[in-house]
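The structure appears below as structure tokens.
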Amino acid sequence: MIEILSALGPTSVQDLGRFEQYRFGVGTSGAMDDVALRAGNILLGNDENAAGIEIPVTPFKLRFGRDRAFALTGAEVEADVGGRAIPPWWRSRAHTGEILTIKAMSRGARSYLTLSGGIDVPVVLGSRSTQFRGEFGGFEGRPLQTGDVLPCAAPNPSAETSDLGVGPADLVLARPNMPAGDTTVRVIIAGEYDAFDSTAQKLFWRSGWKITPQSNRYGYRLQGPAVNPVSPIEKRSHGIVAGVIQIPPNGQPIIQMRDAQTSGGYPKIATVIKADMWRVAQARLGSTLRFEQTAYADALAAEDEVSVYLDRLRADVRLFAELQGCR
Amino acid sequence: MPIDMTHIERLAKLLETSGVTSIEIDDEGQSLKLVMETSAIGMTSSVRADAISSSEETLVIAKADVAGHFLATHPWRAKPFAEPGQQIEAGAIVGLVKIGLLYAPVLSPAAGILDAITAEAGAMVGYGTPIASIRPTAETA
Amino acid sequence: MTASDRPRISLLGTTAILFEAPGPFDLPHQRRIWTLATTASKWPGIREAIPLITNLMLTFETPPRDPSTLMAALNDAWNEAQELTIGGREIRLPVTYGGEIGASLQAVANHCGMSIDDVVSIHAAPLYTVFALGSHPGYCYLGGMDPRISMPRRQTPLQRSAGGSVSIGGSQTGVSASPGPSGWHAIGHTSWIFFDPCWTTPAALAPGDTIRFEIERVIR
């Protein structure tokens, strides 16, 4: 078990998400940066869907109730356990009673703490992810608070636990010739794209979109020049998924994120491709997002690239464990 | 998929640790043969021993324990893990060995003052390659 | 056939596809959407079929390599889709109209140019049909509201509207299942429970069920 000594904001227990519950109005929830959560779990020899803690705000502090391996992935943070500094995207081991402290977050927007065995909160409707609106899943259906004690499942006995790092996704999956500072994400045009004239479309593609402070797990509200359809569109409510970019009447795009409503009616100009959602998740408040049009087939190829990265990671971790075992 | 350097290193490491003397691989028109040269291993270790005994003071050496490319700095960061003159704890990370997608830490065997990072950033290192020298503090020396 | 007679089919990235039926927002169309949902949910690679208001979203277990095949299949299945009559349950829902939670009751009355009592009796008169579930856990989209009490959605949504709020948004009405932001106008509330993740089926209501609002009290 682990005890939370300090947690701020919507720090929460998340796994990869709750699927197949849309027809009850239940969205997926789940880790905003699923690549980081998977990488942490791979390092620990966990099931990749094992629940971890998504930490969007620092400082964060917890105490280990017993010896346990853990990994920190996602955003770059200044972290130490028992006074030992933990590098980025790193697996280490904590001893009984030691305290993990996460201080400043200097790159990215969400850090992921995964634990050997995973956080063993009950599976609700197929997932351990916290469903904030429904107030279920995760730890008591709510953000973590000081004093919470979280159970952990038994570690995988064959998993290696020596210190080990992995190449962060943003280095390995870096896209060539991207402007520094801004986050460029690929999108596929959506149902109402043609309801915007070419001037509005150009504004959408060519503008840098500032991520406003009203951006969170529900959605990213962006700020830039107003992009409006030729005439106002009021659609009947329909299903939407994470990544959908809606244009409400004020012309300021909203990207739906993991805790978004499962339905909506604002016009949709485009959808961020699944392979780039982790990039959105790690884009910081106040930073600039840009959209780049991509074809469906290229979006699938981009998903394959993410899969190859994770496959290689799995293979390398296994091989490294073999090497350690040979010694 | 072509056989790349990191795979060869890993195979070599597996050979070294498993005691097998050679291995041959045929893959999509490429072939690779690795043979363990036992005398070479002996030489490396004697060189290492010399380096340590010839130094005026007793330095302890942090060595790589896996084959790969040496990194003194995490690729996300500007500051190296440890700099000469810096006080470090036993078990502190003095650098990384990049092997495939992984970063294996090179750990200081003792607490002390970092004397020098002897490996060159980006250089290929192997099992046992000296990475850093540390002047141990009196109480632990 | 003109463009507006044809279904609209569009991709939601690589995770889902949206089918929007042509024609009015009425029960016969919705019944065909239910049929289409039943059919499409069995197709390979489809994770879930989610009917909303005269439209259907399919989420992908595996994204299709060629979405045009799926689009053609949706068009064919729609053309063949008969009306699915679901013999749902009839629920009587006691509602307190007005009061703190139903604070927009007067605003709706003003907008529609009628008295509070008229709004309440018109709202409580029909037998509503659950068209679909969506938005948030357990929320039901209802069909059957009298258009005389329509009121456009808010320009700026409320940050927090109470759970159990009975609201009007455009020509639709519904009851929120939990507290959250809302762009609709709350005219009352109910203490009925719509969702519990511990139930075998987590939502109390399903498409095809019917609701009759019972006037428990009117707070003016």
Side-chain angles (χ1 to χ4, degrees), chain A residues 35 38-39 42-43 71-93 95 104-108 111 160 162-174 282 308-327, chain B residues 1 3-20 23 36 62-83 86-108 111 126-128:
Chain A
V35 178
R38 281 182 193 270
I42 289 171
L43 270 172
L72 274 180
T73 52
E76 179 178 5
V77 288
E78 191 190 321
D80 73 80
V81 68
R84 304 184 297 282
I86 306 297
W89 289 63
W90 199 260
R91 170 181 86 195
S92 190
R93 192 177 179 85
H95 304 295
M105 192 178 284
S106 51
R107 174 198 308 250
S111 176
E160 268 289 326
S162 61
D163 273 37
L164 185 66
V166 10
D170 79 334
L171 290 180
V172 185
L173 297 172
Q282 292 297 358
V308 166
Y309 164 64
L310 293 167
D311 288 346
R312 277 182 61 201
L313 199 57
R314 237 172 267 127
D316 284 2
V317 168
R318 224 170 12 237
L319 191 67
F320 189 79
E322 277 170 40
L323 288 179
Q324 301 291 102
C326 293
R327 201 155 291 150
Chain B
M1 198 162 112
I3 300 168
D4 69 26
M5 269 311 287
T6 55
H7 285 107
I8 297 173
E9 288 160 41
R10 279 180 272 172
L11 283 168
K13 178 67 198 120
L14 276 172
L15 279 186
E16 192 187 330
T17 51
S18 60
V20 179
I23 188 171
M36 284 308 284
K63 297 170 198 159
D65 66 353
V66 66
H69 290 274
F70 173 68
L71 303 175
T73 308
H74 188 279
W76 262 4
R77 293 186 168 165
K79 214 166 122 41
F81 283 95
E83 287 172 295
Q86 188 182 326
Q87 173 77 47
I88 54 175
E89 300 295 319
I93 300 169
V94 298
L96 303 176
V97 176
K98 184 175 188 300
I99 161 172
L101 283 178
L102 305 182
Y103 302 140
V106 180
L107 306 176
S108 171
Y127 178 70

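Scope of the values below: all heavy atoms of this structure, side chains included, with no hydrogens, waters or symmetry mates. Order of the sequence lines sets the chain letters (A, B, ...), proteins ahead of strands, with each chain counted from 1. Since the model is a prediction, treat every value here as computed from it, not as a measurement.
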For the side chain of R107(A) and the backbone of W76(B), is there at least one donor-acceptor N/O pair under 3.5 Å apart? yes

Is it the side chain or the backbone of R312(A) that comes within 4.5 Å of chain B heavy atoms, both, or neither? both

Which answer fits L107(B), side chain, backbone, both or neither, if we ask what part of it has an atom under 4.5 Å from a heavy atom of chain A? neither

Report the option among G83(A), G167(A), P88(A), S106(A) that has the most heavy-atom pairs separated by less than 4.5 Å from atoms of chain B. P88(A)

Are the charged groups of R77(B) and E76(A) less than 4.0 angstrom apart, N to O? yes

Check whether V172(A) gets within reach of chain B through its side chain, its backbone, both or neither, counting any heavy atom under 4.5 Å. side chain

Under the side chain to side chain contact (heavy atoms under 4.5 Å, CB included) rule, what do D316(A) and I99(B) come out as? Steps first, then yes or no, please. CA-CA 8 Å; D316(A) 284 2; I99(B) 161 172; over 6 Å; no

If I take atom CG from residue L310(A) and atom CG from residue L101(B), how far apart are they, to the nearest 0.5 angstrom? 9.5 Å

When rounded to the nearest 0.5 angstrom, what is the spacing between CD1 in I93(B) and CD1 in I86(A)? 7.0 Å

